[in-house]
Amino acid sequence: MNPSRAVLAAFGLIISLNAFSVLAADDYQPGPDSKPQAGVPKGDVLKFTLEDSKFFPGTRHDYWVYVPAEYSPDHPACVYVGQDGIGFGAPTVFDNLIYKKEMPVTIGVFVKPGVLPAADTNALDRFNRSYEYDGLGDNYARFLLEEILPAVEKVTLPDGRAIHLSHNGNDRAITGQSSGGICAFTVAWERPEEFSRVFSAIGTFVDLRGGSLYPSLIRKFEPKPIRVFLQDGSNDNNKYGGDWWMANQTMERALIFAGYEVNHTWGTGEHSGKQATAIFPDVMRWLWRDWPQPITGTPTKNDTLTNILIPGEGWQVVAEGLGGSDGPAVNANGEVFFSEVRSNRIWKISPDGHQEIFTTNVLGISGEAFGPDDRLYTVGKSEKIIAYSPDGQSDEVAAGLHGNDLAVAHNGNIYITESVPAITNGLTKVWLIKKDGTKSVVDSGLHLANGVTLSPDQSLLYVTDYRSHWVYSYVIQPDGTLADKQRYYWLHQRDVDDDSGADGIRTDRDGRLYVTTRLGIQVCDQAGRVQCILPIPNGHVSNLCFGGKNFDTLYATCGDKLFKRKLHVTGANAWDAPNKPAPPRL
């Protein structure tokens, strides 16, 4: 800055000059692909209204359906969903690009945010835009997938054609600007198998309803098959919720770090759709380039993901159609046992995949763990601790407590979480049962004590609190009691929940902690930090263990299914001799 300009700046005299330059810089003009062209057939645009949504009760949603002239009901069309109604001059752009075969035949669905009409003229309508668009979670995605798109497929066009939409996420794009921009990303993030192409213009990735969390989650989650185009201007909003311009650049850096296909156009505009409208044809070309090839990214830079995952090794279904699965445990042979809760039986799976029923007539087993004596210890609704020998013979170890989960240390001590809250304070307990059979309460201060496991060196006990976002760490004393309790592991939780739903936990021999939550399996380092998150195919996971011959296959109980996935780690087994991992990088 030269001296004369510095002096002007000190007195605030260059503000008007900057204002003029911003207005000039934001004067983006659409090109020929955004204007009607001679000889290009025009598609039809029809308007509809959804009067009452089950996801947003009482709300009214207007929406428009664009059908290109080239559409034939003989082939399911690709799908484009736009927020805030018709934007970016999309119908004309689609006419031109589809005609030139620069994007596939695509039916556009343009949805306005919901409005709950007031009872009379003396009251104000309830406007749902921020609630529907800025919030995280899958509510809006389900609204589109279960209400709007099925309604579109019931439409009969004036010429008698039916509408057939592709249900393949690779054939679907979703866009929006401002709050509609973060909404478009959220839909694809929550349902990547349904929407894989995203355009977010001047996206509101700030802290209005939690959107500022996305860059962190993107860096930690195993990458999803999504292609993203971002647009913003350096004079975008900067106010109570955050800095839109910086937030969009942070999103781009997170997406690049995580290995996503991402592109952007940065400008100098304000919070307007001018630049987005001007570049929209090129954005569509980029989003649909090489279609119908599936979207692939580049390797993530997340070291934990690259260290524990094996390329090409995904989740595999081991068993399905189960009456609720829980309590996986592994013995010294690598055989995995788990309970089918509602069917009151325990299954055994050998390392080569052979499945058989181990025992029946067990009452609601929720937790299982092998001990150093090669017996399978169980807890559940019977309010008894039952141990099963390899031949299926059972012995009662203890009674009088409603166990949720348990861990058996190498020295024979048993730690049990009790899921029934104490009448006096509404909190749950952690019990210790020693090798000699004596039992005692070693903690009673968790909202809902759930999963329990030991550190690889067996100096620490870890317990999840299902109704919080914490995993507690305790120092195990020589007599087996607990000391130095800390809320140590901080977990992520879904926006729609009041807690993380932290359930089963295990460690690997390098000291990482694997925690089942509603978000998936959160993998933490020894310092208590979530470093990566592994989503589960059916979106539900209750517990896990490391099984197989080398204890390098992660088994996860997931409702009516049991999944497995081979990893580049070795599980730590509490029944085994303790091992001391290397210290964490602090």
Asn538 side-chain N/O to His540 backbone N/O, donor-acceptor pair under 3.5 Å: yes
Partners meeting side-chain hydrogen bond (donor to acceptor under 3.5 Å, both in side chains) with Tyr133 (sequence neighbours left out): none
Donor-acceptor pair between Asp525 and Gln531 side chains, under 3.5 angstrom: yes
Phe55: ring-ring contact (aromatic ring centres under 6.0 Å, His included) partners, not counting sequence neighbours: none
Heavy atoms from other residues, nucleotides or ligands near CZ of Phe48 exceed 12 (cutoff 6.0 Å): yes
Sequence neighbours excluded, every pair satisfying salt bridge (charged side-chain N to carboxylate O under 4.0 Å, His left out) that has a member inside residues 203-226: Glu222-Arg565
Between Phe110 and Tyr63, ring centroids under 6.0 Å: no
Pair Trp291, Asp171: side-chain N/O donor-acceptor within cut-off below 3.5 Å: yes
Which residues share a salt bridge (charged side-chain N to carboxylate O under 4.0 Å, His left out) with Asp159, sequence neighbours left out: Arg161
Ionic contact status for Lys54 with Glu146, cut-off 4.0 Å: yes
Phe229/Trp286 under ring pair (Phe, Tyr, Trp, His ring centres under 6.0 Å): CA gap, chis, key distance, verdict: CA-CA 8 Å; Phe229 197 106; Trp286 185 81; 5.7 Å; yes
Trace of the side chain to side chain contact (heavy atoms under 4.5 Å, CB included) decision for Ile218 with Tyr260: CA-CA 9 Å; Ile218 289 167; Tyr260 285 82; 4.0 Å; yes
Within-4.5 Å side-chain heavy-atom neighbours: Ser216 and His492: yes
Within residues 75-86 or reaching into it, pairs that qualify as salt bridge (charged side-chain N to carboxylate O under 4.0 Å, His left out) - sequence neighbours excluded: Asp84-Arg129
Test item: Asp243 and Val206 side chains (from C-beta on) under 4.5 Å apart, heavy atoms: no
Asp62-Thr49 side chain donor-acceptor pair, cut-off 3.5 Å: yes
Lys42, NZ: over 12 other non-hydrogen atoms inside 6.0 angstrom: no
Close side-chain approach of Thr265 and Leu230, heavy atoms under 4.5 Å: no
Salt bridge (charged side-chain N to carboxylate O under 4.0 Å, His left out) pairs, two or more places apart, involving residues 177-199: Asp138-Arg191, Arg172-Glu194
Check: Ile521 and Ile533 side chains under 4.5 Å, non-hydrogen atoms: no
Check: Phe94 and Val67 side chains under 4.5 Å, non-hydrogen atoms: no
Leu513 side chain near Gln526 side chain, heavy-atom distance below 4.5 Å: no
Set of residues satisfying side-chain hydrogen bond (donor to acceptor under 3.5 Å, both in side chains) with respect to Trp490, sequence neighbours excluded: His469
Residue list, ring-ring contact (aromatic ring centres under 6.0 Å, His included) with His164, at least two apart or on another chain: none
Val515 and Leu491: CA distance, side-chain angles, deciding distance, side chain to side chain contact (heavy atoms under 4.5 Å, CB included) verdict: CA-CA 9 Å; Val515 189; Leu491 301 174; 4.0 Å; yes
Tyr80-Tyr66 aromatic ring centre distance below 6.0 Å: no
Contact check, side chains of Trp244 and Phe205, non-hydrogen atoms, under 4.5 Å: no
Heavy atoms from other residues, nucleotides or ligands near NE2 of His568 exceed 12 (cutoff 6.0 Å): no
Listed partners of Asp236 passing side-chain hydrogen bond (donor to acceptor under 3.5 Å, both in side chains), at least two apart: His271
Heavy-atom check, side chain of Cys558 versus side chain of Ser542, under 4.5 Å: no
Partner set under side-chain hydrogen bond (donor to acceptor under 3.5 Å, both in side chains) for Ser468, not counting sequence neighbours: none
Qualifying salt bridge (charged side-chain N to carboxylate O under 4.0 Å, His left out) pairs, either residue in residues 276-293, two or more places apart: Asp33-Arg285, Glu102-Arg285, Arg227-Asp290, Glu261-Arg289, Asp282-Arg285
Pair listing, side-chain hydrogen bond (donor to acceptor under 3.5 Å, both in side chains) test, anchored in residues 108-128, at least two apart: Asn128-Glu132
